[in-house]
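Everything below concerns the one structure shown next.
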Amino acid sequence: MYLCARMSAQNTNSNVETAKELGLLEEEYHKIVEILEREPNFDELSIFAVMWSEHCSYKNSITLLKTLPKEGPLMLAEAGEENAGLVDIGDGLACCFKIESHNHPSAIEPYQGAATGVGGINRDIFSMGARPIAQLNSLRFGNLATERTKWLVKGVVKGIGDYGNAFGIPTVGGEVYFDDCYETNILVNAMSVGIAEVGKTASAVADGPGNPVYIFGSTTGKDGIHGAAFASKDMSEDSVDDLPSVQVGDPFWEKLILEASLELLETGAVVGMQDMGAAGITCSTSEMAAKSGTGMAIHLDKAPQREKNMKSWEILLSESQERMLVILHKGREKEAEKIFEKWDLTYEQIGEVTDTERVQFFMNNKIVADIPAESLVLGGGAPIYQREWTDPTYLAKNRAFDLNSVQDITSADIKSVAEKITALPNIASKKWVYRQYDSMVGTVNQSTNKKSDAAIVKVKGTKKSLALTVDCNSRYVFAEPIIGAQIAVAEAARNIVCSGGIPAAVTNCLNFGNPYDKEVYYQFKHAVEGMGIACKYFNTPVTGGNVSFYNQHSDGTSVYPTPTIGMIGLLEDSENQMTLDFKNEGDVIYVLGKEVDDLNSSQYLAKLKKVEHSSSPYFDIDEEGKLHNTIVSLIENNKINHCHDISEGGTFISLLESAMTSGIGFEANSNESIRLDAGLFGEAQGRAIVSVSADAEADLLTALGDLPYRKLGTVKGNNVVVNGQSLGSVADFKFIYDNALGKALEA
Amino acid sequence: MKCGVVIFPGSNCDQDLIEVLGRITGDAVQEIWHKETDLKGCTHIFLPGGFSYGDYLRSGAIAKLSPVMDAVSKHANDGGFVMGICNGFQVLCEAGLLPGALLHNTSRQFICDNVFIKPNNTSNALCASLSPNKALQIPIAHGEGNYYADAETMDRIQKNEQIVFQYCDESGNVTDASNPNGSLMNIAGICNESKNVFGMMPHPERASADYLFNNDGVAIFESLFEMAK
């Protein structure tokens, strides 16, 4: 078969140039020629460029990702096998979940970038036959004082809200951080969690030559062309020229294709289904064919188009949102079409499964591209690289930090420092953000009226609940990647444990700079290693996720290494939910875990003392594990009245949050054997605060065994009292805490 | 008595409402797809929350043109019970079955929050068995919930006791601070003149389960079904 496209006539040199413009390396071009046994045409080159882009092929990360633990007794699908992870939660149900980044689009068009991020991750969930029940997100922005950051925050939040609210799945949790390193490259990571019946999930397969291939949902337009390639390069001032690479979202269509997809799967007429995300028709057809060892013949001109005169490569690469590809059992087309029509969806049969093991694309019956499916995909012919790394020079500065170089505070300073910490954007309430998200649609969110460290979501029809959290303190990862990544996992697990759940599995979103930068690759390698250590330790296999490289400005400055952890946990009985608010005046407060003289990478040290370089906070994985096991047992045996972990802002902020949520004050004493600032605001890991009724105190202490603990004080009155000194009323602190972020954004 | 919930494309609170109505009445609840032209013998028609047709125009402006709306209007005009919650309220205003309109929140932001409401009077089915001064905690989630009507309409709905719920504080005081969206007179819900068509922005179906730790919404549905007996 000979191709008639314009490139085959050209010489190799100009083809190599075109390949480079499309983001391919010269060596990759030669590999393509080898695979095809001829020069590729422009359409084929575009297909390879997008399929072999970092975004689709994981070429610079897959070797390391494979070292992550992915097996566990509850796993129904291993990482990489399906669009999202699948965990058995009993009662014949599976939890399907995944986190994904939409960083690059959001940095130049925050509203659509964030909105389509939400859309994409939800399609990954329902294309597997699971109904999404909860969403979370993890956001990183630069300095809140700049107008651009304010614009980005407002746009991203509105984008997530408008899309998620209309789609009708509650946003139940998330995190928002502000650090200068995210000034150019913001991070927008969206997570979705769904429930499916075991045995009724769908696969992204294309079995059975002769079976029809349908596209349904929205029409195909010119938006998002080369989006995957765009996500695979550094950001610069010219990035705004890539605006056409940003897709436009329509949550109404998403809602319709959700309902239609689930209804369609119910009929049994479906062989396989996949959503169209990055690289659109190209990616979905080649991945499905490669997975089944089949081929596909696709007539591009048949895809319903939004614009006139679209070229074949534009249809191939379009990342128009809200589209699905489905393979039906031959003869059952009518059943499917009836459902598409019920939901007023655009649909068309665009081709069929073949036995050629090639994806063959036609335009008006003329073949425009003909490629072995296997050669395009991860695990097949897509290139795999081992990148080099070198110890980052900054690490020496971090490790050299001397605590004694920072003067401790005195008791006269406590009030003003406490108020400043409470008002820090990284610590203050994110209510300005989450109030714009519908957190209650679906009537599953148990955290609306009872707050816990993780979001607690009811699994309807069962006694169970899920505990959901996203966590990553990237400052810790920057400080010492291998430790910081362990802390991210440990903190996620701690949040679940403190809420009454048992950690079950992890999805990750690895946001890093340019992988060709050796220092960045050091961060990546060590963060993955740390994550692997902690995921093994806490028995939380990694079910999948996504890698986002090139979060780096063209001037070379990179974001903090940010391996965001999305973790799910299980509460066998919803009534086991533990909450973080103080319960009764007179209850006695204890801190569990070791208190150490440590200020490393704390918000206090970074933001108040302006120390940029210090190591990661104190962390001992065995001590952390012991703390978790103890808390699980305390909650199971009803030994405590509240539980809240110690994280950003230290012991003081943990106490304050429990006070503000309950409206009851406390009297607490800091640890005299360590520095005052470290005792109150240090962020040493492996600690949580609990309270207990006075008459059950002895019982609690027995249950703690040899876990380190210290009596902190008492739940009491309306004031925040530290070392005998009242710092003000709970209401005063709550005013600061609730309004700081809104004030900064509206300033 | 038979409850029916109309489902528009883009409705997303329909299943929440069906579940709660089923639990409270003990009977199966009829789903009514928007392309239907009859109400399948339902006596109590509910229009759920969501974003009908995406609400890209004014909220509810397209849904009022759905085939089912002729039957809903006829049912309402014949004195049958119709209740719209959130987007359902917006649809009923757009359809002219309820007076006034729902504008953008004054903050210009979507707001999802736990708020308090109380009955303005007890002369209607939703509030007949509620205590007049007790604040109920019922969540809101909307971008366009700012109730507005011209002066003459406001005058009329007050005289006829058509204001059903008002936003208030935890103790039941109707204050500016407790008004989340700028609604005139803190209006959270109204009814028509003959008190058979109701609309409210807050979601009682989101406050009707033990596992959500809020059952305040149940009282509203119970009041309604008590009257229907």
B:K35 side chain reached by A:D344 side chain, heavy atoms, under 4.5 Å: yes
Heavy-atom proximity to chain B below 4.5 Å, by part of A:V157: neither
Non-hydrogen side-chain atoms of A:T448 and B:L212 separated by less than 4.5 Å: no
More than 12 heavy atoms of other groups within 6.0 Å of B:E170 CD: no
Option in A:V441, A:L258, A:D162, A:L256 with maximal non-hydrogen atom pairs under 4.5 Å from chain B: A:V441
Under 4.5 Å from any heavy atom of chain A - which part of B:Y53: both
Choice from A:R435, A:K431, A:E254 maximising heavy atom contacts with chain B below 4.5 Å: A:R435
For the student: nearest non-hydrogen atoms of B:F213 and A:Q446, plus distance: CE1-O, 3.6 Å
Chain B contact via A:D250 - side chain, backbone, both or neither, heavy atoms under 4.5 Å: both
Contact summary for B:E19 and A:T443, nearest pair of heavy atoms: OE1-OG1, 4.4 Å
Residue A:E259 versus chain B: region with a heavy atom under 4.5 Å: neither
Pair A:K342-B:W33, side chain to side chain contact (heavy atoms under 4.5 Å, CB included): steps then yes or no: CA-CA 10 Å; A:K342 172 185 170 184; B:W33 182 236; 4.0 Å; yes
Per-residue contact mode, A:S574 against chain B (heavy atom under 4.5 angstrom): neither
Euclidean distance, B:F51 CZ relative to A:D438 CG, rounded to 0.5 Å: 7.5 Å
Portion of B:S11 that has a non-hydrogen atom of chain A nearer than 4.5 angstrom: backbone
Within 6.0 angstrom of A:K734 NZ, more than 12 heavy atoms from elsewhere: no
For the student: nearest non-hydrogen atoms of A:S439 and B:C112, plus distance: N-SG, 3.4 Å
For B:Y211, the option from A:K460, A:K463, A:E575, A:Q577 that meets side-chain contact (heavy atoms from CB on, under 4.5 Å): A:K460
Residue selection (most heavy-atom pairs with chain B, distance under 4.5 Å) from A:K158, A:Q436, A:K255: A:Q436
Spacing of B:I140 atom CD1 and A:M440 atom CE [to the nearest 0.5 Å]: 8.5 Å
Region of A:K154 that comes under 4.5 Å of a non-hydrogen atom in chain B: neither
Whether B:D55 side chain and A:F252 backbone form a donor-acceptor pair below 3.5 Å: no
Heavy-atom pairs under 4.5 Å with chain B, option from A:W253, A:W343, A:Y437 with the top count: A:W343
